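Report on the following structure.
Since we're looking at a predicted model, the values are computed, not measured. Every chain is numbered from 1 and lettered A, B, ... according to where its sequence line falls, protein lines coming before strand lines.
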2 protein chains.
Amino acid sequence: MDNSIKVKFDKIDRKILEILQGNAKITNAQLSKDIGLSPAPTLERVKKLEQSGIIKSYHAKLDPEKIGLGVSTFVLVGLIGHNKSNIDAFMKEINQIPEVIECHHITGTGDFILKIISKDINSYQKLMLEQVSEIKEVDSMQSMVILSTFKDSKVLPIPA
Amino acid sequence: MDNSIKVKFDKIDRKILEILQGNAKITNAQLSKDIGLSPAPTLERVKKLEQSGIIKSYHAKLDPEKIGLGVSTFVLVGLIGHNKSNIDAFMKEINQIPEVIECHHITGTGDFILKIISKDINSYQKLMLEQVSEIKEVDSMQSMVILSTFKDSKVLPIPA
DNA sequence: CTTTGTGCCACATATAATTCGGTAAATTCT
DNA sequence: AGAATTTACCGAATTATATGTGGCACAAAG
């Protein structure tokens with residue numbers, strides 16, 4: 001099991017990570033210029049960062065509205081019980097709903113927070129009524145509809 | 001102003017978008033095989049999707065724990081007023097805090113929801129006390145600490 | 001029908017990634 | 001400290017990939 005412990009990386013690696021978080025499509029040649037190395041060791045560092053699991057994957061970011069996804073929400077979900085089997089069953093159901101793009105177990109008000117994205121309010125309602133609230137472990141749900149998004153950074157603040 | 005209206009794309013484009021959301025590093029040659037076209041028109045389609053703004057950008061996804069980011073939270077923030085100048089001022093401050101990786105204006109309980117990521121509980125507390133709560137438009141704050149993340153999909157469900 | 005445009009392929013070329021051999025600095029061991 | 005070992009780097013050659021071009025076929029418009 002890979003238990004995600006902190007891995008070593010130096011100042012140059014940090015710079016690489018910052019650049020690649022913001023722009024994964026940069027050429028290795030340009031990246032090497034930006035960090036002040038030649039292409040060969042630059043590539044070597046990127047490969048190591050990938051192999052060590054620091055870089056997990058690369059993704060294209062789409063414009064939700066342009067693909068017809070007009071409604072995004074956060075939903076606080078309370079479960080009927082907190083034992084492992086309940087949570088596992090809930091997770092399993094949630095994982096099968098592509099509109100649920102995030103699911104986090106949290107402290108505080110609810111037990112879980114979901115991020116859901118769908119076409120419009122109608123399809124959102126349908127999704128909630130026919131899929132989410134149908135999961136038998138679900139007790140309560142509280143929706144927060146996103147009116148607008150001011151910040152959605154894909155760049156994590158790498159600690160010194 | 002680009003007002004993010006829905007743009008046309010066909011079944012092949014949808015497949016391209018699905019693949020690129022999950023794996024932005026695929027070669028054009030492989031992508032063309034996966035969608036059943038030759039490289040030239042494949043590349044042409046990808047370029048069009050980029051130019052039309054459907055594809056906004058490409059990002060490397062890092063493992064937060066491996067770079068020493070152990071604490072992620074959602075924070076519900078209430079503002080002292082809801083007029084535009086207040087909200088603008090708040091946004092401006094929020095944008096300068098790299099630990100705040102998301103900021104959404106929402107309906108429901110609070111006015112805004114933030115996603116914050118930091119090194120540990122101490123640095124989180126420091127951030128909240130010295131930066132977020134210092135913003136003068138901020139009235140109330142309610143933190144939800146993420147215990148674990150079960151799903152964090154970068155693939156949006158493109159409607160039919 | 002004819003025309004115009006769109007989308008495709010195959011192939012040629014340009015650009016970029018990747019590999020390789022060698023060197024220097026840093027680290028470890030004695 | 002000094003030798004041995006490892007690590008990180010560079011420049012150049014090679015390989016892979018992206019990109020550009022011309023031509024063909026189908027579909028939509030006139």
Side-chain angles (χ1 to χ4, degrees), chain A residues 2 4-63 66-68 154-156 158-160, chain B residues 2 4-63 65-68 154-155 158-160:
Chain A
D2 170 17
S4 290
I5 311 300
K6 204 158 139 189
V7 178
K8 293 286 157 277
F9 55 92
D10 64 16
K11 193 160 282 189
I12 299 176
D13 291 321
R14 174 174 293 113
K15 207 167 176 182
I16 291 176
L17 293 173
E18 278 162 6
I19 293 171
L20 257 26
Q21 282 188 91
N23 173 20
K25 268 297 178 70
I26 189 173
T27 65
N28 185 61
Q30 185 57 48
L31 179 61
S32 71
K33 278 177 199 158
D34 291 356
I35 64 171
L37 285 182
S38 71
T42 302
L43 188 66
E44 209 176 292
R45 279 170 179 269
V46 173
K47 293 291 175 205
K48 269 183 198 161
L49 290 167
E50 289 169 358
Q51 281 162 13
S52 70
I54 293 182
I55 297 176
K56 291 172 85 167
S57 45
Y58 297 91
H59 305 272
K61 179 183 175 182
L62 309 188
D63 183 326
K66 288 194 175 153
I67 55 174
K154 300 303 176 196
V155 183
L156 305 181
I158 306 174
Chain B
D2 168 18
S4 291
I5 312 301
K6 201 157 139 187
V7 179
K8 294 283 157 282
F9 56 91
D10 63 14
K11 192 160 285 192
I12 299 176
D13 290 320
R14 172 175 296 115
K15 206 166 177 185
I16 291 175
L17 293 173
E18 279 164 4
I19 293 170
L20 257 27
Q21 283 188 92
N23 172 22
K25 268 298 180 65
I26 189 173
T27 65
N28 185 59
Q30 184 58 48
L31 179 61
S32 71
K33 277 176 201 159
D34 291 357
I35 64 171
L37 286 184
S38 72
T42 303
L43 188 65
E44 208 177 292
R45 279 169 179 271
V46 173
K47 294 292 175 205
K48 270 183 197 160
L49 291 168
E50 288 169 358
Q51 282 161 14
S52 70
I54 294 182
I55 296 177
K56 292 172 85 166
S57 45
Y58 297 91
H59 305 273
K61 178 181 175 185
L62 309 188
D63 183 327
E65 301 206 3
K66 287 195 174 152
I67 55 176
K154 300 304 175 195
V155 182
I158 306 173

Rounded to whole Å, the NZ-C1' distance (B:Lys48 to C:dC8) equals 11 Å

Ignoring hydrogens and geometry, is there a side-chain-to-backbone donor-acceptor pair from A:Lys66 to B:Ser52 under 3.5 Å? yes

Over 12 non-hydrogen atoms of neighbours within 6.0 angstrom of NZ in A:Lys33: no

Interatomic distance, NE2@B:His59 vs NZ@A:Lys25, rounded to 0.5 Å, equals 11.5 Å

Between the CG atom in B:Asp13 and the CD1 atom in B:Ile158, the distance rounded to the nearest 0.5 Å is 9.5 Å

At a 4.0 Å cut-off to heavy atoms of chain B, the contacted part of DNA chain D spans D:dT17 to D:dG20

Given protein heavy atoms under 4.0 Å, the one-letter contact record of nucleotides 14-28 of chain C, with B base, S sugar-phosphate only and - none, is simply --SSSB---------

Separation between CG (B:Leu62) and CG (A:Leu156), nearest 0.5 Å, reads 5.5 Å

In terms of heavy-atom contacts, B:Ala24 and A:Ala60 come closest through CB-N, 3.8 Å

dist B:Lys61:NZ -> A:Lys56:NZ (nearest 0.5 Å) comes out at 5.0 Å

One would report the end-axis bend of the helix from C:dC1-D:dG30 to C:dT30-D:dA1, five pairs per end and rounded to 10 degrees, as 40°

d(A:Leu49 CG, A:Arg14 CZ) to nearest 0.5 Å is 11.5 Å

| request: May I ask you to test the A:Glu50-A:Lys47 pair for a side-chain heavy-atom distance under 4.5 Å? | output: yes

side-chain contact (heavy atoms from CB on, under 4.5 Å) with A:Arg45: of A:Leu17, A:Ile12, A:Leu31, only one passes, and it is A:Ile12

